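Comments concern the structure below.
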Amino acid sequence: MTLIALMTSATDPAFDRLKEGSHDDRYPVTVEACPRPIGTLEVEGKTVICGRVAVPETHGADGGETIPLAFAVLKSRAVAPAPDPVIYLHGGPGGYTVQSIPMNAKLFDFLRDRRDIVLFDQRASGISDRTIACYNQLAEEFLAFVEPDEDTMFGADGPLATCLTETVDTGTDLEPYNTTQSAMDVRAIMHALGYPEYNAFGISYGTKLGQELLRTAPEGLRSVVIDSISRVDNPAYDTNGVPADQALGWVVDYCMAEEACAAAYPDLEETINAAGRRLAEEPKVTVSGEELDPGFIEEILELSNGRAMPFTAYLPQVYTEIAEGKTATLEKLLAGGFNPPQTADAMLAAYGTGLDPLDKSLAEFLLKQAEAMRTEEANIARLMTILSDDLSGTGAARTEALLDEALSDIAKTMEADALLAFLHDYVLFVGQTPDRDRVEAFLAAHVPETEKPRIMGLFAAMTVEDIAAFYERAWTDSANLTAQSRMMFTLGIIACQEDYPFNSRDGYDAVAADYRFPVIDAGTRESTLVLYDFCDLFEKHPREGFHDPVVSDIPVLAMAGTKDTKTNPDAAERVVRTLTNGQAVLFPEAGHAVIQFSQCAQDIALGFIESPGAPVNIACVESLKPKFYVPPKSD
């Protein structure tokens, strides 16, 4: 299918219409090359299209400034797709989607059989940050942004504070950078792209945006899925340790509900608290030579939260051993010793002992063939990516791509000082108008003499489109390298303005005093309160009613996971109390971004979007509950 699309000149009619301009004159659309890579099975202009939608900086204000928001549309695989797409509301605040199309295409692949997927970077986020980016500070302290030090990053004299000063000094009014304005952006984007009716899918902070969308800009909104929920009526930063506290509680509760686990670990709750106390004592408990502190109790949960691996099953034994100053099970768990075998040889060693010689030979042959096919698929995918770029009418210019590849190779050979100077000047292209002379001067200054004939030859062949692509790549490269720091900055802009004084240091202390597992405070207090210090640098713009529970009759599916350490596992049940057509589902063994953890979660979300008014089928949820490891008793 993809190869046919590559080899034909036909384009998607909807994309052709979008290239002519917006479906709504209020919100102009400009089609641009997608940030690379776009994914091995994507064909720019045929399965994916990218660009920017200009939205008002302040919706409802006449004649004000506009913000160019980056978007990408991933076409459905259906010949006759459903007319209502799904728009992804990313997390953060300050996350991004457009510069990571392959990852997000994979995340929502289960919906593309029927619907288009719309990605966009929210205002001030990702590559939609043009109006708030501190370009000079970014270039001057590039390494500080690439490898942020949380001990200094948020300080009054730190890089983010200087970034804030530069942004404000440029005349940028930060007040409109908030969740309510972003909700109106969503509606504007869907109008501009020609989708009068649509569905929204929010994850993490995107669920808060989804709630505000229900309240502020519900026009055309058919249904909403909120996954890993940050409730608007919950002080998210005061309660920063609550998700881990609840996730640890679920480990205990599930264990107590299982006969063998309850018998093996009858006092598990107290054992966990004892493990926390033991990590504060001398001699220190160590793993691979590293001393563990009480915050490690939460760190183990964080490891479980980010992957669909068998962590939960072993946690009762891990905590029991830690309370005794032992780490044998923990070390095996961290080393992947309990993970299912992945290679052909490992699978045969684990499962092949009971097979007769013929069946074992057949299994070995099939497993080896499967490994070979994966290698071939990777090679074919690389070739298809090259072919897609070559045939794409709006893709990255090929000469510019060759120059980028050559510069990347040269950069790998540079001494540290030369590389820093190269990166400093490269970052200065961000946010600037494409200028051929400036690119030439950059190459002349940083390319070694031995490489100049080849590089300047490529430069001479660059078209106007190539020069523009060079500037866009500098933007995307910078965004990728500094993504974590920029997300911190955007989080400050949005959260510090609208979530304070709703959150406060006194509020944090009150919540921490009521943890079921007091050791959780050791892992969250310092990292949370540093954000409060950063927020002291901002003017506050709280909005009346923003932190009230959202009331709506639009169908909503609220999804939460029992091992989510970022957002509260009980949030799904709580948020639907004021949503007339809301349904809540709690998924065992799911961490942050529930749909990543099971086919069950994807099937339930898909079924809901297909029929938002019908009760979801949750029969598969029961099978997700963990089955705990109990070590055999020694003789």
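Values reported hereafter were calculated over all heavy atoms of this structure, with side chains retained and with hydrogens, waters and symmetry mates removed. By convention here, the first residue in the shown sequence is residue 1. What you see is a predicted model, and the numbers here were worked out from it, not measured in a lab.
Looking only at distances, no side-chain donor or acceptor of Arg215 sits under 3.5 Å from a matching main-chain atom of Ser552. The backbone N or O of Arg123 lies less than 3.5 Å from no partner atom in the side chain of Asp185, so there is not a single donor-acceptor pair. Formation of a donor-acceptor pair under 3.5 Å by the Ser128 side chain with backbone atoms of Leu69 is not found in this model. Looking at Thr482, its side chain never comes within 3.5 Å of a backbone N or O of Ser485 through a donor-acceptor pair. Judged by distance alone, with hydrogens and angles left aside, the side-chain atoms of His547 form a donor-acceptor pair with the main-chain N or O of Glu498 at under 3.5 Å. Between the Glu291 side chain and the Pro283 main chain, no donor and acceptor come within less than 3.5 Å of each other. A donor-acceptor pair is defined here as one N or O able to donate and one able to accept, closer than 3.5 Å; such a pair exists between the side chain of Gln583 and the backbone of Val616. Judged by distance alone, the side chain of Asp293 and the main-chain N or O of Gly295 form a donor-acceptor pair under 3.5 Å.
Looking at every heavy atom in both residues, Ile101 comes nearest to Val98 through CG1-O, 3.2 Å. Across Val621 and Pro588, no two heavy atoms sit closer than the pair CG1-CD, 3.5 Å. Considering all non-hydrogen atoms of both residues, Lys563 and Thr312 come closest at CD-OG1, 4.0 Å. Here the closest heavy-atom approach between residue Phe628 and residue Pro316 is recorded as CD2-CG, 3.6 Å. Considering every non-hydrogen atom in both Ser228 and Val594, the closest pair reads OG-N, 3.7 Å. Pairing each heavy atom of Ala601 with each of Met559, the nearest pair is O-CE, 3.6 Å.
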- Begin with the C-alpha distance, continue with both residues' side-chain angles, and end with the deciding distance and a verdict on salt bridge (Lys or Arg N to Asp or Glu O under 4.0 Å) for Asp499 and Lys208. CA-CA 12 Å; Asp499 283 331; Lys208 184 177 285 189; 3.6 Å; yes

- Message: Using the rule given for side chain to side chain contact (heavy atoms under 4.5 Å, CB included), can you reason through Leu531 versus Leu491, listing the C-alpha separation, both sets of side-chain angles and the distance that settles it, and then say yes or no?
- Response: CA-CA 9 Å; Leu531 176 62; Leu491 185 149; 3.6 Å; yes

- Could you go through the side chain to side chain contact (heavy atoms under 4.5 Å, CB included) check for Leu292 and Glu299 one step at a time? CA-CA 10 Å; Leu292 306 183; Glu299 288 180 32; over 6 Å; no

- Task: Under the side chain to side chain contact (heavy atoms under 4.5 Å, CB included) rule, what do Arg525 and Asp509 come out as? Steps first, then yes or no, please.
- Result: CA-CA 9 Å; Arg525 176 173 291 273; Asp509 288 339; 2.8 Å; yes

- Task: Show your reasoning for whether side chain to side chain contact (heavy atoms under 4.5 Å, CB included) applies to Tyr177 and Gln122.
- Result: CA-CA 10 Å; Tyr177 291 84; Gln122 298 158 22; over 6 Å; no

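Identified under the disulfide bond (SG atoms under 2.5 Å apart) test for residues 484-515, with sequence neighbours left out: Cys496-Cys535. The list of side-chain hydrogen bond (donor to acceptor under 3.5 Å, both in side chains) pairs with a residue in residues 258-285, not counting sequence neighbours, reads Tyr265-Gln317, Glu269-Arg516, Glu270-Arg277.
Between the side chains of Asp521 and Tyr508, a donor-acceptor pair is found at a separation under 3.5 Å. Asn104 and Tyr96 are not linked by any side-chain donor-acceptor pair at a separation below 3.5 angstrom, with hydrogens and angles left out of the test. Judged purely by distance below 3.5 Å, without hydrogens or angles, the side chains of Gln497 and Asn178 never pair a donor atom with an acceptor atom. Between the side chains of Thr524 and Glu298, no donor-acceptor pair is found at a separation under 3.5 Å. In summary, the side chains of Glu321 and Thr329 do present a donor paired with an acceptor at a separation below 3.5 Å, with no hydrogens or angles considered. A donor-acceptor contact under 3.5 angstrom links the side chains of Glu302 and Thr565, judged on distance only.
Side-chain contact check for Phe296 versus Leu330: some heavy-atom pair is nearer than 4.5 Å. Between Tyr88 and Ile203 there is a side-chain heavy-atom pair separated by less than 4.5 Å. You'll find the side chain of Ile132 reaches within 4.5 Å of the side chain of Phe489, heavy atoms only. Considering only heavy atoms from C-beta on, Asn234 stays 4.5 Å or farther from Ile229 through its side chain. The shortest distance between side-chain heavy atoms of Cys620 and Asp603 does not fall below 4.5 Å. The shortest distance between side-chain heavy atoms of Val585 and Leu557 falls below 4.5 Å. Within the 4.5 Å cutoff, side-chain heavy atoms of Asp121 are placed close to those of Thr97. Side-chain contact between Ile322 and Ile300 is present, with heavy atoms from C-beta onward closer than 4.5 Å.
Aromatic ring orientation, Tyr500 versus Tyr237: parallel (interplanar angle below 30°, classes split at 30° and 60°). Ring-plane geometry between His90 and Phe120 is classed as tilted, the angle between the planes lying from 30 to 60 degrees on a 0 to 90 degree scale.
Here CG of Leu481 is found 7.5 Å from CG of Leu423. Values are rounded to the nearest 0.5 Å. To the nearest 0.5 Å, the span separating OG1 on Thr167 from CD on Gln137 amounts to 9.5 Å. To the nearest 0.5 Å, the span separating CD1 on Ile604 from CD1 on Ile618 amounts to 7.0 Å.
Around the NZ atom of Lys540, the shell of radius 6.0 Å holds more than 12 heavy atoms that belong to other residues, nucleotides or ligands. Within 6.0 Å of CG on Leu606 lie more than 12 heavy atoms contributed by other residues, nucleotides or ligands. With a 6.0 Å radius and a threshold of 12 heavy atoms from other residues, nucleotides or ligands, Glu324 has its CD atom above the threshold. Enclosure of atom CD in Glu147 is not indicated, since only 12 or fewer non-hydrogen atoms of other residues, nucleotides or ligands lie within 6.0 angstrom.
In summary, the aromatic rings of Phe587 and Phe597 are positioned with their centroids too far apart to meet the 6.0 Å limit.
Each of Thr180, Thr207, Thr179 was scored for a side chain to side chain donor-acceptor pair (under 3.5 Å) with Glu212, with one residue passing: Thr180.
With sequence neighbours excluded, the residues that form a ring pair (Phe, Tyr, Trp, His ring centres under 6.0 Å) with Tyr254 are Trp250.
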